[in-house]
Number of protein chains: 2
Amino acid sequence: MKPKIEDVAKLAGVSPTTVSRVMNNRGYISDETREKVQNAMNELNYFPNDVARSLFNKRSNIIGLILPTTSNPFFGELTFHLENICAEMGYKVLLCNSLNAIDKEEKYLEMLLRNQVDGIIVGTHNRGILDYHKQNLAVVAIDRYLSETIPVVGSDNYEGGTMAAELLMSGGCQCIVLIDGIGELETPARLRRKAYSDVMKRNGRAPIIYEIPEVFDRQSQQEVISRIFSEHPDVDGVFATNDLFAASFINEAKRHGKEVPGEIKVIGYDGTETAQTLMPELTTIKQPIARIARTAIDILVKKIEGDMKESPQETRLPVKIVKGTTA
Amino acid sequence: MKPKIEDVAKLAGVSPTTVSRVMNNRGYISDETREKVQNAMNELNYFPNDVARSLFNKRSNIIGLILPTTSNPFFGELTFHLENICAEMGYKVLLCNSLNAIDKEEKYLEMLLRNQVDGIIVGTHNRGILDYHKQNLAVVAIDRYLSETIPVVGSDNYEGGTMAAELLMSGGCQCIVLIDGIGELETPARLRRKAYSDVMKRNGRAPIIYEIPEVFDRQSQQEVISRIFSEHPDVDGVFATNDLFAASFINEAKRHGKEVPGEIKVIGYDGTETAQTLMPELTTIKQPIARIARTAIDILVKKIEGDMKESPQETRLPVKIVKGTTA
DNA sequence: ACATTTATGTCAACGGGTTGACATATGAAA
DNA sequence: TTTCATATGTCAACCCGTTGACATAAATGT
């Protein structure tokens, strides 16, 4: 059986209270006793039971993280940074890959609530407006509007979208297509699309938008992308709202015998380390992932620690254009 | 304040015990009562406190996951599958990105123990031989030897390494270089190197091995790789033990004016979805990531549920060669 | 010599839910 | 009528660590 405080106390020849005092640095303890207790803990391989502590303290020091999937390099890297920062600050991370499925998201939310998480970072679907703010729980969203009271952190999507569209425009592209995810609701990431549309309109062009249903199935992605070539054979510029879409498009372009950037210029979005390594030639809009993570956690922790002074409703971190050779 | 069982009981006009019986399906409950209780729970937005449950049951239903970093697409995808399978089986996942740092790994291990996890999946450094088996905790390793008693799950590294080396060999390569991570200890992934060396020796060649220190810094990777060109200008075949290394090499080859596969053939390892999307031309050895995840969890859960019948010490899942155009 | 500070002990309540023991009461089957 | 399965209640102990109240005693200060 796992040793408990009582076992440590017995071995150290002190009372359980004293052991607790040692662990929590409360009251008076002599160096001698402290040492005895610590020796006993080592000898028994004792670790305090955080479940019991959490119960009493009503504080789990756990943060829930809900996002589509760590398979996507953007979220993989984001997850890494978020978890790292949490660990640094003494928080633990319960991971949830919701795959943007509403039912999963709901189940995960309930799971996190049952587990008494101190806060949640949400980087996924946004329908749960009701559920998220119903509990009065610290929540921060990444690139999602969940409700008026939930702070949002993300890159400056509109600026990024503008940069991308204008780069293609100034590169002389005549037929610029946008490849985006499915656009159900008003997310900040949607501003990439809005920026594209605005640039197009400003230049007297009609936006051409293709929506890719699933992030997780290469097959169906290819099909949508393939349609671009039949429906817009004159396409000579593509802005993809993430690097994976951009890569898929480039692959498809090759299959159609089109040269990038000779015949078609392509620019992506995200600029993950992974994409930069695997496809360094890709021109893309790089999000400051580490800063997004840091900012989100900072705001969340302030909320948790009860710093109720208004946190900024929306934080837009600057993006950078990474010039490869594809645009 | 969060509602508790007592509040539900009051609202439903029953006793706390009855509420507990409803939640746990124990004893006799009439449909009528069950409904009253459920209505009360909904009305109050009640969720049972899993911390309290865990404390009593001595079972947290939490699995700890320690791996280098979810930034790496292999671990990102592995994490996704592991977490998904866990969720399916009612387990939650506490995520730890150890960056292969021993001190971090130790802190994480302690954290997981304090949190009373039911089991741990380890996909990281392996030094902690002592610590992992000291506690009698369910542990399964992914591609790491931790101790004789800890099951290991991974791809058939030796077979994969052999396939890769032989492909280059049969492609007529004369000077075949291996790019590997740092090789401190005897990990199964090290078998990729062993297979390469064996193939080389079998063909009367001396193995040429380059070790890349950090997985996480593109800069220093490039430096090591660059050395290959000065030290072995006649290199015409490269086996990289992961796709990121392969990509880095290919980038560097371009900078050195070498054509792939014309002048140098390259083959990687892992075959993640991400790499396949971003660099579909890369020839690689594809690991069955989903199966690795499934197998690891299956074994772990059996251990947790006390199915003490020997689990296989080592499981080697078959790899597939994915022929791109780089080799 | 007396007041403080330091050091430790005992004890009980608490956090929220679970469970076994036991009591009670109805309706149905024998 | 008796028995039994069904249905619910009360109560207390338990999971493990924390904390406040209170007691005791030695060491230190004045």
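Residue numbering restarts at 1 for every chain, and letters A, B, ... go by the order of the sequence lines.
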Are [X] and [Y] close enough that a side-chain donor and a side-chain acceptor fall under 3.5 Å?
X      : Y     : result
A:K92  : A:N61 : no
B:N25  : B:R34 : yes
A:T18  : A:S15 : yes
B:S30  : B:T33 : yes
B:E105 : B:S98 : no

Report summary line: Taking for B:E32 and for A:N57 the nucleotide of DNA chain D with the nearest heavy atom, the one nearer the 5' end belongs to B:E32
Report task. Find which nucleotide of DNA chain D each of B:S15 and B:A52 is nearest to by heavy atoms, and output the residue with the more 5' nucleotide. Result -> B:S15
Look at [X] and [N] and indicate whether a side-chain polar atom (N or O) is within less than 4.0 Å of OP1 or OP2.
X     : N      : result
B:K58 : D:dC16 : yes
B:S30 : D:dA7  : no
A:Y46 : D:dC16 : no
B:Y28 : C:dT24 : no

Measure from [atom1] on [X] to [atom2] on [N] and round the result to the nearest Å.
X      : N      : atom1 : atom2 : result
B:F56  : D:dG17 : CZ    : P     : 16 Å
A:R34  : C:dT6  : CZ    : P     : 14 Å
A:N49  : D:dG17 : CG    : P     : 5 Å
B:Q116 : D:dC15 : CD    : P     : 14 Å
B:N115 : D:dG17 : CG    : P     : 13 Å
B:N25  : C:dT18 : CG    : P     : 12 Å
B:R59  : D:dC16 : CZ    : P     : 16 Å
B:I29  : D:dG9  : CD1   : C1'   : 14 Å

Query raised in the report: At under 4.0 Å between heavy atoms, what does A:N24 touch on the DNA or RNA strands: base, sugar-phosphate, or nothing?
Result: sugar-phosphate
Requested in this report: Would you indicate what A:L55 reaches in the nucleic acid, counting non-hydrogen atoms under 4.0 angstrom: base, sugar-phosphate, or nothing?
Outcome: base
Shortest side-chain distance from [X], nucleotide among [options]:
X     : options                : value
A:V14 : D:dT10, C:dG16, C:dG9  : C:dG9
B:T17 : D:dG20, D:dT10, D:dC14 : D:dT10
A:T18 : C:dG9, D:dT19, D:dG17  : C:dG9
A:I5  : C:dG9, D:dG17, C:dT18  : D:dG17
B:R26 : C:dT19, C:dT5, C:dG17  : C:dT19

Query raised in the report: Is any N or O donor-acceptor pair between the side chain of A:R53 and the base of C:dG15 shorter than 3.5 Å?
Result: no
Report task. Count the heavy atoms of every other residue, nucleotide or ligand shown that sit under 6.0 Å from CD of A:E43, and state whether that count exceeds 12. Result -> no
